[in-house]
Amino acid sequence: MPELPEVETIRIGLAKLLPGLVIQDVQHDWQKSFPNAPADAVRFMMKASVKAVHRRAKVLIIDLSSKYSLVIHLKMTGQLVYVGKKRFGAGHPNKSLAGDLPDKSTRVTVDFTDGSKLFFNDQRKFGWMRLMPKIDVTEIDIFRKVGTEPLEDDFTVERFIERLSRRERSNIKSVLLDQTIIAGVGNIYADESLWGAKIHPSTLVGDIPKAKMVALYSSLRDVLNLSIEKGGSTDRNYVDSEGKPGSYLSFANVFRKNGQPCPRCGTTIEKIKVAGRGTHICPHCQKEPK
DNA sequence: CACTTGACCTGTCCGC
DNA sequence: TGCGGACAGGTCAAGT
């Protein structure tokens, strides 16, 4: 579920909430959700305080005062929700989406010494949290191979075109989803940015004229920035660090809008399959390549 | 190398 | 109301 804007929204929230808190205990209910966590590793978390919260691609990194970091990938249905002591229990701000915690999808609970808690929930159990020595964090595959961050200042349109051109003979949608080319784009923002640039998702990268590549670059950055501003996209599962949903989907133009009119031309939006993924297009604005 | 398929899981929705 | 199948925003490995 969570793509760059959702993970970044969580990071912004946690960066305000966690630093300075001291870990008292950690529990987990599913080995795959908290791998590499032998008793020893968990012991190294005790009494450590949170120093900082970072994001790279769709991965969160919580640096501790010890030599370790908590590294978290939310995959499809992961949530990372902080519940402060004052709000814990009755009156939680979002009963409908984050409910009373822990619940049946809570995989890992981190207790802090002030009585507050950080819950890692994950319905489908695809996500994970790992405790890693800081020096090893960059050795995770996704960090070794991951592409450029699309919102960094030095991610110019020239770099965008250079990176995409490494996959000239692939269709543009699968290239946008390829984390080794550009980091953080998933199905929602791939569809939205392609609609913005009027490019059919099956178009081969090498067949896209330069002007459209420039349009796609702008469209992608605009869509990601707008979504961060709106707190991300909530379909079913996504909530931010305080358990609140994001509102971007009400600004989306094509994603999950099949059957509705295209906001630009009024043609009915269709849902097709490209690169094995559900894909939303306006068949008038985004002409299928020959 | 490009692309597809299947796997990892649970929950929901849709049609019969 | 029950049941089977398709599907869900992400990655990874293996096969063609």
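Just so it is clear: chains get the letters A, B, ... in the order the sequence lines come, proteins before strands, and each one is counted from 1. The figures that follow rest on heavy atoms only: side chains count, while hydrogens, waters and symmetry mates do not.
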Q. Going by heavy atoms closer than 4.0 Å, what residues in residues 220-230 of chain A are next to DNA chain B?
A.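 Heavy-atom contacts with DNA chain B come from no residue of residues 220-230 of chain A; none.
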Q. Looking only at atom P, what distance separates dC3(C) and dC8(B), rounded to whole Å?
A.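 Taking atom P in both dC3(C) and dC8(B), they lie 25 Å apart.
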Q. Which whole number of Å gives the distance between the P atom of dA13(C) and that of dC9(B)?
A.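 One P to the other, the span is 15 Å.
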Q: Let me have a per-nucleotide readout for nucleotides 8-15 of chain B, 5' to 3', with B, S or -, counting only protein heavy atoms under 4.0 Å.
A: BBBS----
Using OP1 and OP2 only, check whether a side-chain N or O of [X] sits under 4.0 Å from [N].
X	N	result
Q179(A)	dG10(C)	no
R277(A)	dG10(C)	yes
H73(A)	dT11(C)	yes

Q | Flag if over 12 foreign heavy atoms under 6.0 Å of NZ, K198(A) | A |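 Not buried by this count: 12 neighbours or fewer within 6.0 Å.
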Q. Where are the stems of DNA chain B, defined as at least 3 consecutive Watson-Crick or wobble G-U pairs with both distances under 3.5 Å?
A.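 Stems found: B:2-8 with C:10-16, B:10-16 with C:2-8.
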Q) Going by side-chain heavy atoms closer than 4.5 Å, which hydrophobic residues are tied to I272(A), directly or by a chain of links? A)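 Members other than I272(A) - counting any ILVMFWY side chain reachable under 4.5 Å - are V274(A), I281(A).
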Q) Who are the side-chain hydrogen bond (donor to acceptor under 3.5 Å, both in side chains) partners of R55(A), not counting sequence neighbours? A)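 For R55(A) the side-chain hydrogen bond (donor to acceptor under 3.5 Å, both in side chains) partners, ignoring immediate neighbours, are E8(A), E149(A).
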(Q) Among residues at least two apart in sequence or on other chains, which ones pass ring-ring contact (aromatic ring centres under 6.0 Å, His included) with Y189(A)? (A)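 Expected list: Y248(A).
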Q.
Nearest to the S170(A) side chain among dC3(B), dT11(C), dG9(C), which nucleotide is it?
A.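 From the listed options, dC3(B) comes nearest.
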